[in-house]
Amino acid sequence: MNILYICTHNRCRSILSEAITRQNAQGIINAMSAGSQPSGEVHPLSLKYLSEMGYDTAGLTSQSWGSLTDDNGDSFVPDVVITVCDQAADESCPLWLGNIPKLHWGLSDPSKLDGSDEQKRQAFLTTIGEIEQRVEKLIDIAKRPKAEQLDALQQLVKA
């Protein structure tokens, strides 16, 4: 299963989701992230707390959804698109996505928190924990026959 995580600036929540999915799914799910208006850099605290939690951050970049290629340089075609911020959920996905199912995870943005270093750390770890739980469910779905995956994904959103 190929999953594309979208967040407007592709610097925090979509990056966290991509890294966690890639590592925890161990090839069962291929994940990428992108944005409609990418910032051009990954938020430094995203990298810091992913690393602290044992996630590989190599190759994570803030990129446009118009320039997606897989590790082999081929065009990345998602089976499902998951928006992780409310702003991206309201944006029109590019036409090349066609009828690809689009799901929404409303995740809090830990990079927007104004507070102490410890409050920021806790916000990132909370978001990482939430993504980890959702990715575990995605892994279970990805193990099902392809014909059952869409219904299972839609049920996941309703849960």
Side-chain angles (χ1 to χ4, degrees), residues 1-36 38-39 42-63 65 68 70-71 76-94 97 99-113 119-159:
M1 176 186 293
N2 290 338
I3 295 179
L4 174 60
Y5 292 103
I6 293 180
C7 194
T8 302
H9 300 295
N10 187 222
R11 66 186 308 250
C12 184
R13 292 165 286 182
S14 53
I15 293 287
L16 297 174
S17 298
E18 175 186 356
I20 292 166
T21 303
R22 281 184 172 209
Q23 189 159 318
N24 291 359
Q26 299 179 359
I28 295 169
I29 298 172
N30 299 309
M32 293 194 75
S33 66
S36 59
S39 68
V42 176
H43 194 284
L45 293 179
S46 296
L47 298 173
K48 177 180 179 175
Y49 294 116
L50 281 168
S51 292
E52 181 179 303
M53 296 300 294
Y55 289 102
D56 183 6
T57 61
L60 294 175
T61 59
S62 176
Q63 61 187 336
W65 60 26
L68 297 174
D70 63 19
D71 293 337
F76 181 82
V77 179
D79 296 306
V80 63
V81 172
I82 300 176
T83 55
V84 295
C85 70
D86 293 333
Q87 186 175 345
D90 293 331
E91 292 176 353
S92 295
C93 283
L97 287 174
N99 293 324
I100 294 170
K102 181 178 162 189
L103 308 174
H104 178 63
W105 290 354
L107 296 171
S108 297
D109 187 350
S111 71
K112 300 276 187 192
L113 179 70
Q119 288 171 320
K120 290 176 185 178
R121 180 179 182 276
Q122 285 305 314
F124 269 89
L125 296 184
T126 297
T127 301
I128 287 170
E130 190 173 340
I131 294 166
E132 288 171 333
Q133 290 175 0
R134 292 179 185 201
V135 167
E136 286 307 311
K137 292 177 183 177
L138 289 174
I139 292 167
D140 289 340
I141 291 169
K143 291 177 181 176
R144 297 181 185 189
K146 192 123 176 122
E148 296 177 17
Q149 291 177 359
L150 180 57
D151 285 340
L153 286 167
Q154 290 171 337
Q155 292 302 314
L156 179 63
V157 173
K158 293 176 186 176

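Excluded from the calculations below are hydrogen atoms, water molecules and symmetry mates; all remaining heavy atoms, backbone and side chain alike, are included.
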Colleague: Do the side chain of Ser111 and the main chain of His43 share a donor and acceptor less than 3.5 angstrom apart?
Modeller: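 No, because the side chain of Ser111 does not come within donor-acceptor range (under 3.5 Å) of the backbone of His43.
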
Colleague: Given 3.5 Å as the limit, does a donor-acceptor pair link the side chain of Arg13 with the main chain of Leu107, or not?
Modeller: yes

Colleague: When rounded to the nearest 0.5 angstrom, what distance separates CE in Met1 from CD1 in Ile28?
Modeller: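 So the gap between those two atoms works out to 10.5 Å.
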
Colleague: Kindly indicate, with the supporting measurements, whether the criterion salt bridge (charged side-chain N to carboxylate O under 4.0 Å, His left out) is fulfilled by Asp56 and Arg22.
Modeller: CA-CA 9 Å; Asp56 183 6; Arg22 281 184 172 209; over 6 Å; no

Colleague: Could you state the interatomic distance from CG (Leu45) to CZ (Arg121), rounded to the nearest 0.5 Å?
Modeller: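 Nearest 0.5 Å value for the CG-CZ distance: 11.5 Å.
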
Colleague: Can you see which heavy atom on Leu4 is nearest to which on Pro78, and at what distance?
Modeller: CB-CB, 3.8 Å

Colleague: Which pair of non-hydrogen atoms, one from Val42 and one from Ser46, has the smallest distance, and what is that distance?
Modeller: CG1-CB, 4.1 Å

Colleague: Using side-chain hydrogen bond (donor to acceptor under 3.5 Å, both in side chains) as the criterion, list what pairs up with Thr21, not counting sequence neighbours.
Modeller: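 side-chain hydrogen bond (donor to acceptor under 3.5 Å, both in side chains) list for Thr21, sorted by chain: Tyr5.
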
Colleague: Could you tell me if the side chain of Gln119 sits less than 4.5 Å from the side chain of Leu113, heavy atoms only?
Modeller: yes

Colleague: Taking all non-hydrogen atoms of both residues into account, name the closest pair between Ser14 and Ile6 and its distance.
Modeller: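 Heavy atoms of Ser14 and Ile6 come nearest at CB-C, 4.2 Å.
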
Colleague: Residues in side-chain hydrogen bond (donor to acceptor under 3.5 Å, both in side chains) with Tyr49, at least two apart?
Modeller: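 Applying side-chain hydrogen bond (donor to acceptor under 3.5 Å, both in side chains) to Tyr49 gives none.
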
Colleague: Heavy atoms only: give me the nearest Ile15-Thr61 pair and the separation to one decimal.
Modeller: CD1-O, 3.5 Å

Colleague: To the nearest 0.5 Å, how far apart are CD1 in Ile20 and CE in Met53?
Modeller: 8.0 Å

Colleague: Taking only residues two or more places apart in sequence or in another chain, which ones pass side-chain hydrogen bond (donor to acceptor under 3.5 Å, both in side chains) with Ser33?
Modeller: Asn10, Glu18

Colleague: Please enumerate all residues that pass side-chain hydrogen bond (donor to acceptor under 3.5 Å, both in side chains) together with Gln23, with sequence neighbours excluded.
Modeller: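 Applying side-chain hydrogen bond (donor to acceptor under 3.5 Å, both in side chains) to Gln23 gives none.
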
Colleague: Mark yes or no for whether Ser62, through its side chain, and His9, through its backbone, hold a donor-acceptor pair below 3.5 Å.
Modeller: yes

Colleague: Look up atom CG in Leu50 and atom OH in Tyr55, then write down how far apart they are to the nearest 0.5 Å.
Modeller: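 If I round to the nearest 0.5 Å, the distance is 8.0 Å.
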
Colleague: Enumerate, atom names and distances included, each donor-acceptor pair closer than 3.5 Å involving a side-chain atom of residues 138-150, sequence neighbours excluded.
Modeller:
from   : atom 1 : to     : atom 2 : distance (Å)
Lys146 : NZ     : Asp79  : OD1    : 3.2
Gln149 : NE2    : Ala142 : O      : 3.2
Gln149 : NE2    : Arg144 : O      : 3.1

Colleague: Under 3.5 Å, sequence neighbours excluded: what are the donor-acceptor pairs made by side chains of residues 123-130?
Modeller:
from   : atom 1 : to     : atom 2 : distance (Å)
Thr126 : OG1    : Gln122 : O      : 2.8
Thr127 : OG1    : Ala123 : O      : 3.1
Glu130 : OE2    : Arg134 : NH2    : 2.7

